[in-house]
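Take a look at the structure below.
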Amino acid sequence: GTIVSEEPGRIVFDYTGEKPFIIDLLSIDADGSGVYMHVMSIVREDLVDLYEAGGIFDPGYIELIADHRVIRFMDLQQTNWSSQVDFNDMVSADYYTWTLPPQESSVQTGTPLSVMVDLANQIGADPWFNIPHQATDEYIREFAEYVRDNLDPGLTAYFEYSNEAWNFLFEQAAWTNNAGLELFADVPQFQNDDYPFSEFYGYRSAEMMSIVQDVYGGEFEARTHGVLATQTRNLGVLYPALEGAEYFASNSGHTIDELFDSVAVTGYFDAGIGREETLPLIQQWIDVSKARFEAGLEDTPYQYFNEQAAINLRDQSLQQQAVNDGLITAMDGTSIEDLATVHFPENFALAEQYGLDLIQYEGGSHVTPQGALGNNEEVVDFIIHLNDSPEMAQITLEMIQAFRDAGGTLANDFILIGAHSKYGSWGSLEYVGDESPIWDAWAGYNAATPGDWEERDPDAFLHGDLFRGTD
């Protein structure tokens with residue numbers, strides 16, 4: 001960046017890059033006067049007037065999400081590794097930042113509740129909230145009261161306890177595991193079990209929804225949506241979660257289908273691409289892809305690689321052939337065929353037994369360089385291009401169709417905007433103003449698919465038009 005002008009209280013700088021940047025503060029009291037800088041905002045120059053008028057959201061961002069049906073706030077709430085316990089642990093809208101890393105800070109930030117509700121109201125979308133794993137009953141009550149009183153009553157508030165309490169990459173899994181061991185220590189039906197984290201997750205999820213029900217009273221069914229999430233490939237996680245939820249429900253005069261509306265799974269697929277054991281096959285695709293480009297047979301050096309990857313993502317047939325040929329030694333990963341014939345149907349069947357729908361909380365490509373492949377620049381480059389290709393967009397649409405064919409309803413992307421790197425290409429776009437076949441696929445599906453699985457007021461998802469003034 002280059003500083004264009006500066007005066008007390010205002011610095012104008014020029015930055016022409018398209019990806020995120022970092023500003024280092026070397027001092028907040030450069031002249032030693034003891035008068036410290038307390039507030040700093042970074043605003044694009046063409047949005048200064050909107051900002052000074054009280055606007056919060058980038059109009060370009062609003063245009064992207066204006067037609068969304070549901071917005072899941074998990075990452076914006078910093079749900080993973082959350083240290084929030086009491087309701088007042090959440091930062092207010094005037095706090096100096098909402099984005100301190102939860103693992104590195106003594107203050108738990110995240111997007112304020114008021115801002116999330118404002119966004120949902122502005123675009124006319126159902127908000128999906130994740131309640132932190134350590135949240136007290138009173139936290140849940142005050143959270144639900146705020147949503148009840150401030151969310152457009154035509155919108156439905158989704159409530160999910162924590163995020164992936166089964167995933168031991170996140171602190172909440174160990175926490176819920178210990179909580180389950182303690183809570184069920186003297187309960188015979190939960191002895192000699194390998195899933196105390198899942199049992200507690202189900203129990204606390206049901207307890208959370210009973211508090212929400214108490215807050216909403218007679219409006220509970222019409223204005224809320226209870227979510228019980230699980231690990232898609234492992235019914236061993238969902239069974240004990242349902243058992244934990246049923247244990248709470250049966251001891252408190254409730255039923256599972258009274259408290260919950262849906263079981264939520266993911267729609268991730270990778271077919272083993274990016275895993276270390278498949279490197280010989282991946283390298284073969286890369287070498288042939290580059291050679292075909294150099295011979296003038298392809299328009300880009302990535303074309304053949306993307307085509308082979310897409311074939312394998314559908315049914316892992318190329319991976320199986322590589323095992324048969326002795327090129328690689330193991331089969332692993334999840335293909336579209338696996339999701340369509342095994343994982344989606346079995347989760348749907350179990351959810352249906354309890355009177356629940358099947359929805360997605362996240363979905364899309366999970367092709368990521370793992371282990372040592374994260375330091376292989378060539379592999380990383382090809383995988384990043386794969387994750388932003390028309391071939392991957394088509395596979396994504398096939399995943400969504402497989403989910404709907406299996407009885408699923410709401411399909412959900414993971415992240416709208418996020419930089420692509422060796423740690424994953426999770427964002428459908430990398431920045432506001434970006435273009436991507438992946439985003440086009442999700443947006444096209446959203447625009448063309450009616451949400452006819454539930455009866456809603458046809459005006460529930462209306463939002464205002466965006467007008468840009470001129471001088």
Side-chain angles (χ1 to χ4, degrees), residues 55-77 111-130 143-144 146-160 212 215-216 218-227 229 260-264 267 356-364 396-397 400-401 403-404 407-417 428-429 432 438-468:
I56 297 176
F57 309 111
D58 182 337
Y61 176 67
I62 293 297
E63 287 184 293
L64 284 172
I65 65 173
D67 287 325
H68 279 36
R69 184 185 183 91
V70 177
I71 300 289
R72 185 169 182 256
F73 287 112
M74 185 276 293
D75 266 349
L76 288 178
Q77 288 182 260
T111 304
L113 178 56
S114 62
V115 174
M116 293 187 286
V117 171
D118 285 348
L119 180 60
N121 285 337
Q122 183 169 332
I123 67 171
D126 292 339
W128 181 327
F129 301 110
N130 295 74
F143 193 107
Y146 184 91
V147 176
R148 178 199 63 193
D149 295 343
N150 292 277
L151 182 67
D152 183 330
L155 297 174
T156 296
Y158 286 58
F159 288 91
E160 176 190 358
V212 174
V215 167
Y216 275 85
E219 296 183 305
F220 174 72
E221 184 174 354
R223 294 189 60 193
T224 70
H225 188 114
V227 177
F260 297 99
D261 298 272
S262 298
V263 167
L356 305 179
D357 292 333
L358 186 70
I359 63 176
Q360 285 182 14
Y361 66 89
E362 295 170 9
T396 300
L397 290 173
I400 297 171
Q401 189 60 55
F403 182 69
R404 296 301 305 276
T409 57
L410 175 71
N412 217 355
D413 192 11
F414 176 28
I415 293 177
L416 171 58
I417 297 175
S428 292
L429 300 170
V432 173
I438 311 302
W439 167 247
D440 291 343
W442 281 104
Y445 168 80
N446 183 62
T449 306
D452 52 6
W453 56 81
E454 60 177 351
E455 293 185 9
R456 297 289 292 273
D457 184 333
D459 294 337
F461 301 106
L462 294 180
H463 52 79
D465 289 324
L466 180 66
F467 297 93
R468 287 187 170 87

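No experiment lies behind these values; they were computed from the predicted model shown.
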- Please lay out, stage by stage, how H225 and V70 fare under the test side chain to side chain contact (heavy atoms under 4.5 Å, CB included). CA-CA 11 Å; H225 188 114; V70 177; over 6 Å; no
- Query: Where does the angle between the aromatic ring planes of F143 and F159 fall among parallel (under 30°), tilted (30 to 60°) and perpendicular (over 60°)?
  - Reply: perpendicular
Euclidean distance, [Y] [atom2] relative to [X] [atom1], rounded to 0.5 Å:
X    : Y    : atom1 : atom2 : answer
T156 : Y158 : OG1   : OH    : 6.5 Å
W439 : T396 : CH2   : OG1   : 13.0 Å
D152 : L462 : CG    : CG    : 9.5 Å
R72  : D413 : CZ    : CG    : 11.5 Å
T111 : D118 : OG1   : CG    : 12.0 Å
N150 : M116 : CG    : CE    : 12.0 Å

Considering all heavy atoms of both residues, which atom of [X] and which atom of [Y] are nearest to each other, and what is their separation?
X    : Y    : value
F461 : A125 : CD2-CA, 4.4 Å
L155 : A460 : CD2-O, 3.3 Å
A157 : Y216 : CB-OH, 4.2 Å
T224 : D261 : O-OD2, 3.8 Å
W442 : G363 : CZ2-O, 3.9 Å
W128 : A264 : CH2-CB, 4.2 Å

- Query: How about D357 and T409: does a side-chain donor come under 3.5 Å of a side-chain acceptor?
  - Reply: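 There is no such pair (donor and acceptor under 3.5 Å, judged by atom type) between the side chains of D357 and T409.
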- Query: Which residues satisfy the ring pair (Phe, Tyr, Trp, His ring centres under 6.0 Å) test with F73, sequence neighbours excluded?
  - Reply: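 Partners of F73 under the ring pair (Phe, Tyr, Trp, His ring centres under 6.0 Å) test: F129.
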- Query: Yes or no on side chain to side chain contact (heavy atoms under 4.5 Å, CB included) for N412 and I359, after CA distance, side-chain angles and deciding distance?
  - Reply: CA-CA 8 Å; N412 217 355; I359 63 176; over 6 Å; no
- Message: Run the salt bridge (charged side-chain N to carboxylate O under 4.0 Å, His left out) test against R456 and tell me which residues pass, sequence neighbours left out.
- Response: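 R456 satisfies salt bridge (charged side-chain N to carboxylate O under 4.0 Å, His left out) with D126, E454 only.
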- Query: Sequence neighbours excluded, which residues qualify as salt bridge (charged side-chain N to carboxylate O under 4.0 Å, His left out) partners of R223?
  - Reply: E219
- Any chance you could lay out the side chain to side chain contact (heavy atoms under 4.5 Å, CB included) test for L429 and L64, step after step, and finish with the verdict? CA-CA 10 Å; L429 300 170; L64 284 172; 3.9 Å; yes
- With side chain to side chain contact (heavy atoms under 4.5 Å, CB included) as the test, would you mind laying out the steps for F220 and R148 before giving the verdict? CA-CA 10 Å; F220 174 72; R148 178 199 63 193; over 6 Å; no
